[in-house]
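To start, the structure under review is shown below, and the notes come after it.
Small disclaimer: the values here were computed from a predicted structure and weren't measured. Lettering of chains follows the sequences in order, A, B, ..., and the numbering in each one begins at 1. FYI, side chains are in, hydrogens and waters are out, and symmetry mates aren't considered; it's all heavy atoms of this structure.
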4 protein chains.
Amino acid sequence: MNFTIKINCKDEKGLVYRISEILLENGLNIIKNDEFVDNEKALFFMRTKVAGIAEPEKVIDQLKKQLGECSIELSQNKPKNVVILVTKEHHCLADLLIRNQFNDLNVNILAVLGNYENLRELTEKFNLPFIYIPTENITREEHEKEIKTALQAFDFDYLVLAKFMRILSPDFVKDFQGKIINIHHSFLPAFIGANPYKQAFERGVKIIGATAHFVTNDLDEGPIIYQDVIKVSHSKTAKDLAKMGKDVERIVLANALKLVFEDKVFIYGNKTIIFE
Amino acid sequence: MNFTIKINCKDEKGLVYRISEILLENGLNIIKNDEFVDNEKALFFMRTKVAGIAEPEKVIDQLKKQLGECSIELSQNKPKNVVILVTKEHHCLADLLIRNQFNDLNVNILAVLGNYENLRELTEKFNLPFIYIPTENITREEHEKEIKTALQAFDFDYLVLAKFMRILSPDFVKDFQGKIINIHHSFLPAFIGANPYKQAFERGVKIIGATAHFVTNDLDEGPIIYQDVIKVSHSKTAKDLAKMGKDVERIVLANALKLVFEDKVFIYGNKTIIFE
Amino acid sequence: MNFTIKINCKDEKGLVYRISEILLENGLNIIKNDEFVDNEKALFFMRTKVAGIAEPEKVIDQLKKQLGECSIELSQNKPKNVVILVTKEHHCLADLLIRNQFNDLNVNILAVLGNYENLRELTEKFNLPFIYIPTENITREEHEKEIKTALQAFDFDYLVLAKFMRILSPDFVKDFQGKIINIHHSFLPAFIGANPYKQAFERGVKIIGATAHFVTNDLDEGPIIYQDVIKVSHSKTAKDLAKMGKDVERIVLANALKLVFEDKVFIYGNKTIIFE
Amino acid sequence: MNFTIKINCKDEKGLVYRISEILLENGLNIIKNDEFVDNEKALFFMRTKVAGIAEPEKVIDQLKKQLGECSIELSQNKPKNVVILVTKEHHCLADLLIRNQFNDLNVNILAVLGNYENLRELTEKFNLPFIYIPTENITREEHEKEIKTALQAFDFDYLVLAKFMRILSPDFVKDFQGKIINIHHSFLPAFIGANPYKQAFERGVKIIGATAHFVTNDLDEGPIIYQDVIKVSHSKTAKDLAKMGKDVERIVLANALKLVFEDKVFIYGNKTIIFE
C-alpha cells in the first residue's frame, strides 16, 4: 500500500533522520521524497511517498509524538471530494466533468452549484446534481447563506470556483480556509479585477494567461498554484483573447487541481510550495 | 533589389488596388504582403516587400501622391544605426555586441553610453566607443543634457536601453519619439516599477518574464513589442529569479530589435502592429 | 456580408493588382489580407477576407476568368461538417463534443464512428449518432468498405481522426484527399509509429508533444498543421507521459481544426501554408 | 560551509535513514534534498545539499563505509574546469565566454580548441587561449590524437562541444566517458544527423528545437540533459530556421551546463536524472 505524508516544521537539524527512522521502524520504503527548507524563515517542508504494510494512522501518530509542533498530514491517495461553483461559462466545468467521468483527475465531483441555470443541462448529462441558487433580489449575505446551507449536504474536501464570477465575502472565505481554489483569467498580478481580457487588449500585451490560486480575502491575491500563458498578436480583438484564453484557463485549472489533489501542494503564507 | 514599404492610412475601399497598381506600373513584384485593418478605428496597415529594379524613392513619391494623407515609409533593409544606453548589467549589452560583431541582427552599433564605468572594458573589446556620463552631483536635467550633447555625435536611428536603470524625463522622451526601445524585467503590466523580481518572489508567481517596449512618458506603459516568460518554482530566491530572468531579457530584447530593425513594427497608439 | 477567398497560383507580377481590381469593382472592402510567395518554386498564396454586398460566386467566377489556372476557393465562413473517427480514447472526442455543443469551433459534428463501443455513451450524451463498426473477423478492406458505406449518409467536409488507432489504406486515403485530419501523439518526425510515449520514455527526452496533420499515404508524413510540446522530467513513467500527453493532443487537435475550419490553411506538397 | 552529495545505489529500505544518520552525527543540516527511486530497476538516486562545519571528505568516507556498493560523489560547488571545442559557428562559444567572464555560470573556461581559425579573435578578446588544430591532410585518428595531446595541458572536468561539427571516434569518447557535452541543433530524436534545419524545413514542421546531451558512441543517442523548442511558420526558409535556431541552441546549452555544473545531473543508462 502507498501513502503520502506531508510535513511542515520549524527547521532544525536531524528532522530527516528522525522522520526516516520512524518510517524504517514501520517497515516502510520511501519511494519519492521531496524536501525544501526556507532558510530565511527557517521552515522545513517535506513530502514523502512511502510503500509498505504499516498502519498509516499509527505512523502519523508516532511522527506527531516525535516531531512535536509540526503540521503532519496523511493522504491515502483517495479521490478528493469537491463541489464546483459556476456562473455562466461552460469550458472549465465541462473539462472537469469529462475528467471526473473518465477518472483523469484524482477527483470525485459531488455536485455543481450555479447562480445561473444554463449549465444545468451539461451537468445533468453527467448524472451529477446541479444546484441553482440565483442572486436576484437577495443580498450577497443571503446568497452566500443559501450556498452554505446547500453545501451542508456534501462532505467535500475542496470547493472549486470554475469561473464563478462572484466575489466571496471574508466570512465565507474564512469558513473554508485553504479549501477554495479559483481560476483567474489573467497571469496575475497583471490585470487584477474585472474584464482582464479587455484590459489585456487595451494594453496591447503580446502574451495572455491564466492563474489558479487558493482564495483568500485579498481579491486575486491568494497563493498561486499554477499559471500558464499563450502568445497573442495585434490581430486579435478583446473577444478573440477571451476565446483563446478559455483553453489556457481550462488547462491551468486542471493542472492546479491535479497538483492539489495529488497532495503535492503546501500553502505557505500567500505562496505555495509545490513538489512535482 | 528588394525594399520594404510600410503604409498606414485611414481605411477605405480600393487601397490595395491603388497601391498594387503603382507597384505593377513600376515593374515591382510583391514578395510578401501583410495587411491589417482595425475595423473599430477604420485604420489600414500594410507592409509590402517588393523586388524589382524601380527607383524606391520614385515609387514612394507616386504612392504619396496617390494615397494622400497616409504615412508611408520606405526601408531599403540597411542595418539600423543605434546607440546603446546601459547602467551596470552586462547581459543585454554583451548579447547585442556579439550580434553586432557577427551580423546576427540588422544593426550597426555606433556607441555605448553608460552611467557607470564597468561596461567600458566589454564595449571596447569589440572596438566600440564607450561614453561615460556619471550622475553624481548633477541633476537629472543636467545628466540628460550631457547625454543629448554626447548623442549629437551620432546619426542614430534608435536608442536602445539595454538595462539603463534611469527614468527618462518627458522632455528627453519627446525628443526621440518612437526611437527609444527599452527592456523591462517583468511581463508587463505585472510588477511595474522597481525590483520586479523581488516583487515576483514575494507574490509567489509561477512564471516570470520580460517585456521590450517603446518608451513613452508613461513609465512602463509604452507600446509593447515583444514579451516572453519562463516557469519558476518556490525553490528560487529573488536573486535566483533575477539571474534566470536575464536570459529572458536578452532574448526578448534581441527579438524585439529584430522585429523593429527589419521594419516589421508599426507604432499605433500605445500598441504595436507586428507583421512577422 | 463577409467571405474569404483563398487563391493559389503560379507567381507572376501583377497578381495582387488584378485580384484587388476585381474586388474593388465588386464594391468589396479587404478586411484582412495575407500573402506569401515561395520564391524557389514561384508559387503565390493569398487569403483575403472581404466585406460587401457582392454575390460571392460571381466574384469567384470573375477571378477565375481573370487569373486562369489558379486554384480559387470561396468560403462563406459556415461551420464545417465533420464525421469523427475514434477508437477507445475519449479525450479528443470529448473536447470536440463540448466545442461543438457550445459553438467554440466553426464545426458541425454529424456523427461519431468507432471501432469500439465504449465511446457510444459519451457521444449520445450530446445527442449525436454513434456508428459502431467493429474490426473483428473482417479484413482491413472489408472494414474500410463498411466505413465508406456508413459515411455515404453524411455530407461532410472533413473526417477527423480523434485517436483513431488504425492505419488507413491508400485507397481510403485517396478517396478523401486533403479531407482527413489526424492527431498523432508525438512531435513528428520524432517517434514515428507505434507507442510514441513508450519510445519517448525509453529515449529519455525532456519534451514530449503532439502533431495534427493531414493524412496522406505516407504514414505520419502528411502535411503538418499544428504542433505543441510540454516539458517532462525523469520522474514520469511511460504511462505518466501518455496521460500528460493527452492534454497536448486535445489542444493541438483543436487548434489545428480551428485553423482549417476558418479557412486559414493551404496544403502545399507535404507542407502547409497557414495564415493566422 | 555548503556542499553537495550525490548518491546512486541499489534501492533498499532504510537508505535515507542511514544517510541522514551520518549527516546528523557530523552536525550537518540538510538544506535541500531530492530523491528518486526507479521502482522498475530498483535504483535509488539522492542529491543532498548540506550545511555545516564537518570535513566533507570524512563524511563521504563514512557514507561509503555505511552504504557499501553505492556511487557517492562529493561536490564543493567550485566552478567546473572546461575546455570548449568549436568549429566555425560563434553563437554558443560567445555565450559561454560572456558567462565565464561575468561569472554567470559555475564554470572556469581553460581554453578553446577549434578546427578553424575564425573563432580565435573572439576567444582572445576574453584573454583565453585558442588552440587551432586543422583537419586538412590528416586522418580522423591523427586529428583526435592531436586534440588529446593538446588537452593534456589542461586539468578539465568537462569538454563542451559548442557546435563542434565533427563526429568523435569511439576511442575518443571512451577516454572521456560522461565528460563530453554536446549541443545538437534539433529536438532529438527528430532530425538525427546532418543538416537538421534543412530536414525540418523540408518536413514542414511547426516547431524546431535543440538538445544538449552527453556524448556516447551512438551518434545523437547520448543521455539528454535539456531540450527546448520554438514555434516557426511556413514563411521561414531553411536558412531562417538555422538562424532562429541559434538562440535556442545557446540557451539550451547554457541551461544544460548550468544543471551539470551545479551537480544536479545523474547519468543513468542512456538517460539523465535531474534534480532541479
With a 4.5 Å heavy-atom cut-off, do [X] and [Y] have their side chains touching?
| X | Y | result |
| --- | --- | --- |
| L67(C) | L15(C) | yes |
| I230(D) | I207(D) | no |
| I181(C) | V215(C) | no |
| P79(D) | F261(D) | no |
| L96(C) | I109(C) | yes |

Check chain D and chain C for donor-acceptor pairs under 3.5 Å and report each one on its own line.
unit_1	atom_1	unit_2	atom_2	d
F201(D)	O	K271(C)	NZ	2.7
R203(D)	NE	E221(C)	OE1	3.3
R203(D)	NH1	G222(C)	O	3.2
R203(D)	NH2	D220(C)	O	3.2
R203(D)	NH2	E221(C)	O	3.4
R203(D)	NH2	G222(C)	O	2.9
K206(D)	N	Q227(C)	OE1	2.8
K206(D)	NZ	T272(C)	O	3.2
K206(D)	NZ	T272(C)	OG1	3.0
I207(D)	N	Q227(C)	OE1	3.4
D220(D)	O	R203(C)	NH2	3.2
E221(D)	O	R203(C)	NH2	3.4
E221(D)	OE1	R203(C)	NE	3.3
G222(D)	O	R203(C)	NH1	3.2
G222(D)	O	R203(C)	NH2	2.9
Y226(D)	OH	K231(C)	NZ	3.0
Q227(D)	OE1	K206(C)	N	2.8
Q227(D)	OE1	I207(C)	N	3.3
K231(D)	NZ	Y226(C)	OH	3.0
H234(D)	ND1	I274(C)	N	3.1
H234(D)	ND1	I274(C)	O	3.3
K271(D)	NZ	F201(C)	O	2.7
T272(D)	O	K206(C)	NZ	3.2
T272(D)	OG1	K206(C)	NZ	3.0
I274(D)	N	H234(C)	ND1	3.1
I274(D)	O	H234(C)	ND1	3.3

Selection from [options] maximising heavy-atom pairs under 4.5 Å formed with chain D:
| options | answer |
| --- | --- |
| G209(C), A200(C), G222(C), P223(C) | G222(C) |
| L188(C), V205(C), V229(C), V37(C) | V205(C) |
| I225(C), I224(C), I274(C) | I224(C) |

Q) Which bit of F187(C) comes within less than 4.5 Å of chain D, counting heavy atoms only: side chain, backbone, both or neither? A) both
**Q.** Residues forming a ring pair (Phe, Tyr, Trp, His ring centres under 6.0 Å) with F214(C), sequence neighbours excluded
**A.** none
Heavy-atom distances under 4.5 Å only: say whether [X] touches chain C with side chain, backbone, both or neither.
| X | result |
| --- | --- |
| F266(D) | neither |
| F36(D) | side chain |
| I192(D) | neither |

Q) In a check of side chain to side chain contact (heavy atoms under 4.5 Å, CB included) between I183(C) and each of V160(C), V252(C), L257(C), V248(C), which one passes? A) V252(C)
Q.
For the aromatic rings, using the six-membered ring if either is Trp, is the centroid distance between F156(D) and F176(D) under 6.0 Å?
A. yes
Q. How far apart are the closest heavy atoms of F275(D) and I273(D), and which atoms are they?
A. CZ-CG2, 3.8 Å
